[in-house]
2 protein chains.
Amino acid sequence: MTEAPAQDRGARSRDAILDTAGELMARYGYAATSISMISSACGLPTSSLYWHFGSKDGIYVAVLQRSRTELLAALPPTEVPGADVTQRLDTFLAEVRGAFERHPHGLRLLLGLGMVQQDASAAAVAEVRQYRDALVVWARESVSAVFGLRDRPEVADELARFTLRTASGTAVARWFDPGIALETGPLRVALLALAAHHGVPVRGVPGEDAPSHGLTNRE
Amino acid sequence: MTEAPAQDRGARSRDAILDTAGELMARYGYAATSISMISSACGLPTSSLYWHFGSKDGIYVAVLQRSRTELLAALPPTEVPGADVTQRLDTFLAEVRGAFERHPHGLRLLLGLGMVQQDASAAAVAEVRQYRDALVVWARESVSAVFGLRDRPEVADELARFTLRTASGTAVARWFDPGIALETGPLRVALLALAAHHGVPVRGVPGEDAPSHGLTNRE
DNA sequence: GTCTATATTGGGATAGAC
DNA sequence: GTCTATCCCAATATAGAC
């Protein structure tokens with residue numbers, strides 16, 4: 001048991017490095033996170049970090065890649081089940097809220113590391129953009145499925161942007177107040193109103209209040 | 001004319017330092033912006049920076065202070081003129097959009113510098129929070145005036161948070177796409193729907209589409 | 001794959017002439 | 001108030017034993 005299962009040692013160290021690096025970079029940002037911080041936080045010498053990832057930049061790219069993979073896997077599938085719009089919307093929002101809760105690092109990484117431009121390599125910048133793009137595509141397809149917008153791509157775009165802006169803004173607010181959760185209640189009302197505003201058929205038309213499915217999420 | 005007007009030299013240098021420091025810190029964040037970067041960008045030696053501000057931290061605090069003052073001065077007053085809700089809302093959103101456009105650094109600074117915690121002094125952290133708090137108070141009072149919510153503070157809180165989340169999220173999106181503007185059109189629809197959802201009397205009740213005042217702001 | 005030790009650059013900050 | 005020159009240290013990165 002103390003004898004590590006053969007060559008797993010390397011993989012476990014790799015994961016440990018990524019864990020602590022992700023944690024620190026999400027908290028302090030890329031530039032403010034030093035190799036020695038990571039090293040002392042995870043217990044491995046700096047040379048091990050370099051052996052595994054080659055450079056600080058390499059660590060950053062690897063952290064982003066893993067975060068992207070995990071977050072996308074945690075996000076609800078773009079084919080949302082449900083009979084009508086409000087049902088699908090509630091399912092969708094509940095899952096988004098859950099993913100946002102369980103993976104607080106994703107957006108933080110994009111925020112803190114997004115400010116790179118200068119010292120980051122081309123690979124790093126590319127990975128940041130890919131992360132962002134993946135979220136945009138996911139959001140567009142999801143709202144498209146929820147509201148049935150296959151033939152109204154501009155509307156799907158607008159709703160997706162709106163959802164992502166809210167999520168990003170909440171991630172920012174979280175810096176000041178770590179306890180803050182994604183407020184799906186107001187977002188729900190807003191998305192339904194926006195859809196209706198564009199003439200998208202919605203059963204629970206605004207005017208009559210939306211039924212509270214226990215999703216109102218006010219403190 | 002080449003002879004500087006007496007003792008103004010110092011003040012002009014001070015402003016120049018704050019200008020370039022603000023620019024750089026908004027772009028790269030606090031940690032990634034070095035003294036030498038600022039020095040060579042504004043043409044003054046590092047010793048001048050230290051003479052004026054004492055430390056990198058001092059520069060940061062001064063930048064934040066000035067940005068806060070300027071942004072708050074540029075934001076619309078919390079007493080919004082207008083006969084009915086939609087009129088006041090349109091005025092309000094137009095001014096917010098304008099301020100957001102003309103002062104792109106404010107939120108960027110809060111984002112990039114917000115990630116400080118570790119190397120920033122207590123004064124710096126305090127200034128960040130004061131900046132944030134000032135924006136929160138302004139937003140709350142503004143929406144309160146727009147929607148007439150003096151007796152519904154929780155509703156004013158929710159609308160204010162929602163507005164700020166959207167603005168923050170847009171500031172984040174701007175990192176990837178510098179051209180992006182605050183989308184007041186969807187925000188307008190959302191705020192009206194949220195108000196109506198809470199039973200706040202609104203003349204242009206949702207269901208009948210809101211009149212486009214040329215504010216729809218879709219690309 | 002992991003360790004100790006180290007090379008080397010660039011960072012923040014200061015001294016002191018002008 | 002501004003300049004040149006410099007100190008000190010932390011940061012990235014590498015060498016080579018184990």
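Here is the naming used below: chain letters follow the sequence lines, and residue numbers restart at 1 for every chain.
- Minimum heavy-atom separation, F176(A) to R129(B): O-NH2, 2.7 Å.
- Separating the CG atom of L44(B) from the C1' atom of dT4(D) is a distance of 14 Å, rounded to the nearest angstrom.
- Computed from coordinates, the I35(A) CD1 to dC9(D) C1' distance equals 18 Å when rounded to whole Å.
- As rounded to whole Å, 7 Å separates atom P of dC3(C) from atom CZ of R9(A).
- Residue whose closest nucleotide on DNA chain D sits further toward the 5' end, between T46(B) and I17(B): I17(B).
- Across dT2(C), dA13(C), dT2(D), the shortest atom-to-atom separation from the side chain of K56(B) is found for dA13(C).
- Under the salt bridge (charged side-chain N to carboxylate O under 4.0 Å, His left out) criterion, the residue pairs touching residues 167-177 of chain A are E101(A)-R174(A), D177(A)-R132(B), with sequence neighbours excluded.
- Atom pair Y60(A):OH and dA11(D):P shows a separation of 20 Å (rounding to whole Å applied).
- Nearest nucleotide to the side chain of Y50(A), out of dT12(D), dG11(C), dA13(C): dT12(D).
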Considering only distance and modelled atom types, tabulate donor-acceptor pairs under 3.5 Å from the side chains of residues 64-76 of chain A, sequence neighbours left out.
from   : atom 1 : to      : atom 2 : distance (Å)
R66(A) : NH1    : D19(A)  : OD1    : 3.1
R66(A) : NH2    : D19(A)  : OD1    : 2.8
S67(A) : OG     : Y131(A) : OH     : 2.6
R68(A) : NE     : E127(A) : OE2    : 2.9
R68(A) : NH2    : E127(A) : OE1    : 3.3
R68(A) : NH2    : E127(A) : OE2    : 3.4
T69(A) : OG1    : Q65(A)  : O      : 2.9

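- Regarding M37(A), its CE atom lies at a distance of 14 Å from the P atom of dA10(D), rounded to whole Å.
- With rounding to whole Å, F53(A) atom CZ is found 16 Å from dA13(D) atom C1'.
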Query raised in the report: When you look at V96(B) and L187(B), which way does the side chain to side chain contact (heavy atoms under 4.5 Å, CB included) test go after all the steps?
Result: CA-CA 11 Å; V96(B) 171; L187(B) 180 55; over 6 Å; no
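- In this structure, L49(B) places its CG atom 12 Å from C1' of dG1(D), rounding to the nearest Å.
- Using a 4.0 Å cut-off, no side-chain N or O of S13(B) falls inside it from OP1 or OP2 of dG1(D).
- Listed nucleotides: dG12(C), dT2(C), dT2(D). Nearest to the side chain of S34(B): dG12(C).
- For the pair I59(B) CD1 and dG12(C) P, the interatomic distance rounds to 9 Å; values are reported in whole Å.
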Query raised in the report: Passes side chain to side chain contact (heavy atoms under 4.5 Å, CB included), V146(A) versus L191(A)? Steps please.
Result: CA-CA 11 Å; V146(A) 167; L191(A) 287 178; over 6 Å; no
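- Residue order along DNA chain C, read from the 5' end via each residue's closest nucleotide, puts S47(A) first among S36(B) and S47(A).
- Closest to the side chain of W51(B), out of dT2(C), dT2(D), dT12(D), is dT2(D).
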